[in-house]
Enquirer: 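The structure under discussion is supplied below as structure tokens; questions concerning it will follow.
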Amino acid sequence: MIHMKTFKSIYICGIVRILLSSCSDFLELNPKGTLADEQLDAPEYVKKMVIAAYALVENDNVQMLPWLFSDLRSGDAYKGGGGPSDMAFAHSIEVANTLRVNDSEVARKWERTYYAISRANNALARINKLSEEEYPKKLIRAAEMRFVRSHHYFELKRLFKHIVWVDETMTDDEILETSNRQYTDLELWDKIIEDFRYAAEQLPVFNEDIGRANTSSAKAYLAKTLLYAAYEQDEKHNVIQINKEKLQEVVSLVDQLEGHYELVSDYADNFRWETENGPESVFAVQSSHDDDTDFGRLNMTSALSYPMADGYGCCGMHIPSQELVNAFKTDPETGLPLFNSFNQVGDDILYAEDLYGRTVDPRLLHTVAIVGLPYKYKAGHIVDMTFPREGGIYYGPFLSIKETVVYDCPCFKQARWYYASSLNRDIIRYDDALLWKAEALIELGGAANLSDARQIINRIRERAAQSTALLIDADGNPLADANIFKVGLYQQEFRSQDEAREALRWERRLEMAMESSRGFDLVRWGIAAETLNAYYATESIRREHLRTAHFTKNKDEYFPIPYKEINFSRGLYKQNPGWE
């Protein structure tokens with residue numbers, strides 16, 4: 001996304017005619033003037049409207065954070081903060097069984113995402129009015145807007161399943177008469193696929209600004225969408241078929257990314273401000289901190305994740321679960337995951353001293369801040385019990401660190417009562433794409449495909465094993481010297497699809513941990529209910545706030561269509577199963 005310094009935020013709110021709640025932040029400013037609607041069709045304003053659409057690729061309200069809607073439904077994370085009543089709607093998402101159809105924050109997620117879609121549609125409609133002579137980049141910008149639009153539709157589809165498709169050609173009256181059941185589940189996926197396919201065909205290999213979509217990022221998003229669409233569901237969200245043709249295209253598209261992207265040598269570099277926009281980043285939200293605006297275009301996805309310690313101050317949320325931490329344990333002989341014995345109550349990794357005498361995957365310490373070790377690689381800045389909110393009473397001693405920076409980073413800034421940074425957030429990385437390919441190969445089946453999938457998984461694990469250079473103990477000594485890291489490769493061919501699936505799904509959990517992915521993975525695979533209820537059964541022994549948690553199959557896989565949206569539509573919209 002192009003930095004907001006390109007034009008003033010008040011300009012967007014005043015003239016684009018998109019009703020955004022985020023505009024209220026700027027209402028104290030006096031408008032510089034107004035423009036008639038037809039004046040916005042001029043190329044110089046269309047350019048700015050394209051930028052305005054990019055600006056909402058990340059909805060920057062702290063109650064709309066991606067992790068709230070996925071990580072809390074995955075077994076990877078607790079809400080955190082000051083107990084269940086702190087952001088109570090997020091607690092309801094975490095425990096599943098207290099969420100209601102009239103939840104205002106779920107409704108706000110729906111609304112704000114449609115605001116973002118309306119920006120892309122508005123820009124696209126005006127682009128279509130211009131000739132290529134008037135607007136030489138017409139085809140490229142139109143492709144970008146279709147990419148941006150379907151980025152938002154993809155997110156809505158994963159959350160609500162049955163959504164309303166609105167494009168730039170529709171009149172207000174047509175929109176009012178459009179149901180969220182106008183298209184079937186598969187037809188909606190096809191609409192999103194069509195946008196990304198168009199973008200992949202029309203966008204250049206190199207676009208002129210970092211953050212703009214290009215043909216490779218469009219191919220990657222197309223592959224991601226095809227993978228989700230391949231898992232065909234019935235009306236009650238059961239996976240009934242896996243589309244092999246779509247999986248074949250996933251493999252082909254990821255192969256086409258080879259040479260454009262590569263794995264960085266150290267996993268840590270994907271989460272450091274100093275090394276952002278590296279060769280592994282396929283599509284990322286571009287953030288800024290010093291751009292002539294009051295607060296900059298900060299990455300607010302981290303605003304609630306910082307410690308309570310000096311230098312930060314707020315808010316101790318998005319906390320790694322004990323099960324996730326334990327999942328990084330490895331067999332001391334083979335270095336492979338402890339699939340069956342990793343999560344025994346009483347054998348938990350809690351503090352730094354619990355790491356010694358066992359072996360773990362180093363990705364643990366790139367994902368989780370642990371008491372007794374440096375915070376985010378900073379020598380001398382040791383995590384203690386002042387870092388977790390309330391001393392860890394409710395949610396334990398851990399903190400999430402992929403999305404955060406240390407307090408002395410030039411990118412770190414206070415934004416009113418929150419703290420955030422200009423660290424970019426990757427929406428798609430190459431490691432993620434490689435794992436899509438491995439997943440597709442496994443579901444396609446056959447010895448050759450399973451072998452190729454094993455090689456991809458080993459490639460990811462090999463990089464993990466080498467990612468120890470920044471990991472030090474409290475005295476600044478390399479943790480690698482303590483022999484606690486051991487990541488082995490799968491030396492033998494997988495004997496079955498089930499064995500390969502287990503390895504792939506475990507690898508996705510470790511590689512993408514705390515990045516708002518796993519909850520959606522579980523729904524795609526059709527195993528959300530059994531996985532989460534097993535998690536609740538064990539994790540509730542450790543954490544009181546989970547004692548009554550329960551995930552209802554054929555209901556909780558998706559959020560309810562907001563009750564007020566159904567009312568606004570005069571009953572035209574239909575509720576998701578189980579939420580009626």
Side-chain angles (χ1 to χ4, degrees), residues 21 59 63-64 66 68-70 72-74 88-118 150 152-167 170 172-192 228-229 231-241 519-520 522-530 532-533 548-580:
S21 58
N59 278 313
Q63 291 183 314
M64 297 293 103
L68 291 168
F69 298 91
S70 177
L72 298 189
R73 293 157 55 86
S74 71
F89 86 93
H91 173 74
S92 293
I93 291 174
E94 184 181 351
V95 300
N97 60 346
T98 62
L99 191 66
R100 297 293 178 259
V101 295
N102 59 351
D103 185 276
S104 61
E105 300 303 332
V106 172
R108 188 182 298 185
K109 182 68 172 179
W110 173 285
E111 292 166 4
R112 287 178 67 88
T113 308
Y114 273 107
Y115 293 154
I117 289 167
S118 72
S150 274
H152 295 297
Y153 275 130
F154 180 86
E155 292 302 312
L156 276 176
K157 186 79 175 65
R158 293 199 299 180
L159 291 168
F160 297 100
K161 189 173 185 175
H162 293 293
I163 59 175
V164 185
W165 180 272
V166 180
D167 66 32
M170 297 171 67
D172 289 348
D173 287 341
E174 288 172 331
I175 293 170
L176 289 173
E177 296 303 321
T178 300
S179 169
N180 69 326
R181 297 302 181 101
Q182 179 181 11
Y183 298 105
T184 67
D185 181 30
L186 288 177
E187 286 171 342
L188 279 168
W189 280 125
D190 286 343
K191 298 289 283 185
I192 300 170
Y228 273 77
Y231 290 82
E232 297 178 8
Q233 299 179 351
D234 64 17
E235 180 59 22
K236 291 189 175 182
H237 322 317
N238 301 301
V239 176
I240 56 174
Q241 178 176 292
F520 297 124
L522 296 177
V523 173
R524 179 173 79 253
W525 298 328
I527 61 170
E530 52 264 49
L532 287 172
N533 286 326
T548 61
H550 181 76
F551 189 100
T552 301
K553 187 175 178 62
N554 303 137
K555 169 180 176 277
D556 289 327
E557 287 86 354
Y558 295 92
F559 287 93
I561 306 301
Y563 183 71
K564 69 177 183 178
E565 297 296 332
I566 294 175
N567 284 343
F568 289 156
S569 75
R570 307 178 307 282
L572 186 63
Y573 298 174
K574 303 302 179 186
Q575 188 53 273
N576 282 328
W579 294 100
E580 299 92 340

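Fair warning: this is a prediction, and the values are worked out from it, not measured in the lab.
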Enquirer: Looking at D234, is its backbone amide N or carbonyl O close enough to the side chain of N238 to form a donor-acceptor pair, meaning the two atoms are under 3.5 Å apart?
Expert: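 Absent.
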Enquirer: Between T113 (side chain) and H152 (backbone), is there a donor-acceptor pair under 3.5 Å?
Expert: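 Looks like no, no N/O pair under 3.5 Å.
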Enquirer: Of all residues at least two apart in sequence or in a different chain, which pass the side-chain contact (heavy atoms from CB on, under 4.5 Å) check with T548?
Expert: none
Enquirer: Could you list all the side-chain hydrogen bond (donor to acceptor under 3.5 Å, both in side chains) pairs where at least one residue sits in residues 90-102, not counting sequence neighbours?
Expert: S92-T98, E94-H545
Enquirer: Can you sort out the partners of E235 under salt bridge (charged side-chain N to carboxylate O under 4.0 Å, His left out), two or more places apart, ordered by chain and number?
Expert: R181
Enquirer: Please enumerate all residues that pass side-chain contact (heavy atoms from CB on, under 4.5 Å) together with Q182, with sequence neighbours excluded.
Expert: T178
Enquirer: So Q233 and K161, do their side chains get closer than 4.5 Å, heavy atoms only?
Expert: yes
Enquirer: Would you please name every residue forming a side-chain hydrogen bond (donor to acceptor under 3.5 Å, both in side chains) with Q241, sequence neighbours left out?
Expert: E232
Enquirer: Please answer whether the main-chain N or O of I561 pairs with a side-chain N or O of Q575 as donor and acceptor at a distance below 3.5 Å.
Expert: yes
Enquirer: My understanding is that only residues two or more places apart in sequence, or in another chain, count here; which of them pass salt bridge (charged side-chain N to carboxylate O under 4.0 Å, His left out) with K555?
Expert: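 Per chain and number, K555 pairs via salt bridge (charged side-chain N to carboxylate O under 4.0 Å, His left out) with no residue.
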Enquirer: Which ring-ring contact (aromatic ring centres under 6.0 Å, His included) pairs, counting each pair once, include a residue from residues 559-580, with sequence neighbours left out?
Expert: F69-F559
Enquirer: Applying ring-ring contact (aromatic ring centres under 6.0 Å, His included), can you list everything that pairs with H237, at least two apart in sequence or on another chain?
Expert: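 Only Y558 meet the ring-ring contact (aromatic ring centres under 6.0 Å, His included) criterion with H237.
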Enquirer: Taking ring-ring contact (aromatic ring centres under 6.0 Å, His included) as the test, write out the residues that go with F160, two or more places apart.
Expert: W110
Enquirer: Mind checking what makes side-chain hydrogen bond (donor to acceptor under 3.5 Å, both in side chains) contact with D103, not counting sequence neighbours?
Expert: none
Enquirer: With salt bridge (Lys or Arg N to Asp or Glu O under 4.0 Å) as the rule and sequence neighbours excluded, what pairs involving residues 562-580 come up?
Expert: E111-K564, E177-R570
Enquirer: Quick one: list whatever passes ring-ring contact (aromatic ring centres under 6.0 Å, His included) with Y228, sequence neighbours left out.
Expert: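 Partners of Y228 under the ring-ring contact (aromatic ring centres under 6.0 Å, His included) test: F154.
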